[in-house]
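Data first, discussion second: the structure below is written as structure tokens.
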Amino acid sequence: MPEKDWLTPVIRSHDLRCAECGYPIVSKSLQWGPGLYVTGALAELEMGPISRNISGARQAAERIVNSL
């Protein structure tokens, strides 16, 4: 998982769910915790490999905005 060094303490302090591989387990709207949404590599388990490119960023933004 990218940026694991700074994310690990955040995961622990906020009791965020992760898969065995370390990536976030998020909802369809990419919500990881209360008021916390992910995009890019952190959304890969929900969105697939597209999450890491421009098209994935657009789709992630749509999911997040539609959930608000």
Side-chain angles (χ1 to χ4, degrees):
M1 180 175 69
E3 307 300 329
K4 190 173 184 176
D5 291 339
W6 72 266
L7 271 177
T8 300
V10 174
I11 291 166
R12 288 183 184 140
S13 66
H14 294 283
D15 197 30
L16 299 171
R17 294 180 44 200
C18 293
E20 286 186 31
C21 61
Y23 277 77
I25 297 174
V26 299
S27 68
K28 294 278 184 201
S29 65
L30 306 179
Q31 186 172 15
W32 192 9
L36 177 62
Y37 295 82
V38 298
T39 62
L42 295 177
E44 194 164 7
L45 289 182
E46 180 60 37
M47 295 187 63
I50 193 173
S51 67
R52 293 181 182 239
N53 63 39
I54 293 292
S55 180
R58 288 183 181 134
Q59 287 183 24
E62 285 180 24
R63 287 185 187 203
I64 294 168
V65 167
N66 289 334
S67 75
L68 300 176

Next item on the list: Identify whether W6 and I11 are in the same connected component of the hydrophobic contact network (ILVMFWY, side-chain heavy atoms under 4.5 Å).
Entry: yes

Checklist line | T8 side-chain N/O to D5 backbone N/O, donor-acceptor pair under 3.5 Å | finding: no

Check residues 61-68 and write down every donor-acceptor pair under 3.5 Å in which the side-chain atom is one partner and the other belongs to a residue at least two apart or another chain.
residue	atom	partner	partner atom	Å
R63	NH1	K28	O	3.1
N66	ND2	E62	O	3.0
S67	OG	I64	O	2.8

Item checked: From CZ (R58) to CG (N53), nearest 0.5 Å -> 9.5 Å

Anything under 3.5 Å between a donor and an acceptor, one on a side chain of residues 12-27, the other on a protein residue two or more places apart or in another chain? List them.
residue	atom	partner	partner atom	Å
S13	OG	P9	O	3.2
S13	OG	V10	O	3.2
Y23	OH	R52	NH2	3.1
S27	OG	S29	N	3.3
S27	OG	S29	OG	2.9
S27	OG	Q31	N	3.1

